[in-house]
Participant: 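Sharing a structure here in structure tokens format.
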Amino acid sequence: MITVKVYSGYKGGERPQALVIEGRELPVEIIRRELKEDYQTKERKEIFTVIAEKKLYKIERDQKGNWQVYEK
């Protein structure tokens, strides 16, 4: 199971700071950030592409604040 540690600044929303994989905390470097909206449901997702230990990950955050991580 992979969990996301986030940073929430006073000027902006949450953004991933590290991934916790098998008990190890891996700092991430954000390469790309985008916002996608489903035109039918109007649901928005914030999507981050990050690097952690030379691997690419895609991290999604929905409007409810749930995070999902995918290895690319």
Side-chain angles (χ1 to χ4, degrees):
M1 180 175 160
I2 300 174
T3 57
V4 181
K5 289 190 94 174
V6 297
Y7 171 80
S8 183
Y10 72 98
K11 286 188 177 181
E14 294 180 332
R15 68 176 190 263
Q17 187 176 18
L19 296 175
V20 180
I21 302 172
E22 297 177 3
R24 292 180 43 219
E25 187 172 315
L26 308 175
V28 300
E29 176 186 345
I30 298 173
I31 297 173
R32 182 178 181 174
R33 178 185 173 259
E34 58 187 299
L35 190 62
K36 289 195 175 180
E37 183 175 340
D38 184 312
Y39 293 107
Q40 291 178 336
T41 65
K42 301 295 183 198
E43 186 173 317
R44 289 183 171 188
K45 285 187 178 182
E46 193 170 18
I47 301 169
F48 296 90
T49 302
V50 302
I51 293 178
E53 285 203 340
K54 300 180 182 179
K55 291 184 182 178
L56 279 175
Y57 295 89
K58 179 175 142 181
I59 304 173
E60 295 182 356
R61 183 172 84 65
D62 64 21
Q63 289 178 306
K64 296 175 185 173
N66 299 315
W67 294 87
Q68 292 186 352
V69 180
Y70 306 96
E71 190 173 339
K72 290 182 106 180

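One-based numbering along the sequence shown.
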Participant: Is any side-chain heavy atom of Arg15 less than 4.5 Å from a side-chain heavy atom of Arg33?
Facilitator: no
Participant: How far apart are the closest heavy atoms of Glu37 and Lys42, and which atoms are they?
Facilitator: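 Scanning both residues, the minimum pair turns out to be OE2-CD, 3.2 Å.
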Participant: Which residues pass the side-chain contact (heavy atoms from CB on, under 4.5 Å) test with Lys54, not counting sequence neighbours?
Facilitator: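 Here no residue qualifies.
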Participant: With the 4.5 Å side-chain cut-off for hydrophobic clustering, are Ile47 and Tyr57 part of the same group?
Facilitator: no
Participant: For Lys5, check side-chain contact (heavy atoms from CB on, under 4.5 Å) against everything at least two apart and list the hits.
Facilitator: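 By the side-chain contact (heavy atoms from CB on, under 4.5 Å) rule, Lys5 matches Ala18, Val20, Glu25.
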Participant: Could you state whether Val69 and Tyr7 fall into the same hydrophobic cluster, counting links through intermediate Ile, Leu, Val, Met, Phe, Trp or Tyr residues with side-chain heavy atoms under 4.5 angstrom apart?
Facilitator: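 Unlinked, Val69 and Tyr7 end up in two clusters.
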Participant: Do the charged groups of Arg44 and Glu46 touch, with an N to O distance under 4.0 Å?
Facilitator: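 Looking at Glu46 together with Arg44, the answer is no, because their closest N to O distance does not fall below 4.0 Å.
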Participant: Same cluster or not: Ile51 versus Leu19, using hydrophobic residues (I, L, V, M, F, W, Y) connected whenever any side-chain heavy atoms lie under 4.5 Å apart?
Facilitator: no
Participant: Return the OG1 to CD distance between Thr49 and Glu29, rounded to the nearest 0.5 Å.
Facilitator: 12.0 Å
Participant: Can you see which heavy atom on Val28 is nearest to which on Pro16, and at what distance?
Facilitator: CG2-O, 3.7 Å
Participant: Run the numbers on Trp67 and Glu14 for side chain to side chain contact (heavy atoms under 4.5 Å, CB included), then give the verdict.
Facilitator: CA-CA 11 Å; Trp67 294 87; Glu14 294 180 332; 3.7 Å; yes
Participant: Which atom pair, heavy atoms only, marks the closest approach of Ala52 to Leu26?
Facilitator: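 Result for this residue pair: CB-CB, 4.2 Å.
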Participant: For Asp62 and Asn66, indicate whether the former's side chain and the latter's backbone hold a donor-acceptor pair under 3.5 Å.
Facilitator: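 Checked: pair present.
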Participant: Any chance you could measure Lys36, atom NZ, to Glu43, atom CD, to the nearest 0.5 Å?
Facilitator: 13.5 Å
Participant: Using distance alone, with no hydrogens and no angle criterion, decide if Gln68 and Tyr70 have a side-chain donor and acceptor under 3.5 Å apart.
Facilitator: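 Yes, a side-chain donor-acceptor pair sits under 3.5 Å.
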Participant: Should the pair Lys58-Glu60 be classified as a salt bridge under the 4.0 Å nitrogen-to-oxygen rule?
Facilitator: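 Answer for the salt bridge query: yes.
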Participant: Are Ile30 and Ile21 in one and the same hydrophobic cluster, where Ile, Leu, Val, Met, Phe, Trp and Tyr link if side-chain heavy atoms are under 4.5 Å apart?
Facilitator: yes
Participant: What I'd like to find out is whether the side chain of Val50 reaches to under 4.5 Å of the side chain of Ile31, using heavy atoms alone.
Facilitator: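 The answer is no, as the side chains (C-beta and beyond) never meet within the 4.5 Å cut-off.
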Participant: Could you tell me whether Glu53 and Arg24 make a salt bridge, using a distance below 4.0 angstrom between a side-chain N and a carboxylate O?
Facilitator: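 So Glu53 pairs with Arg24 through a salt bridge.
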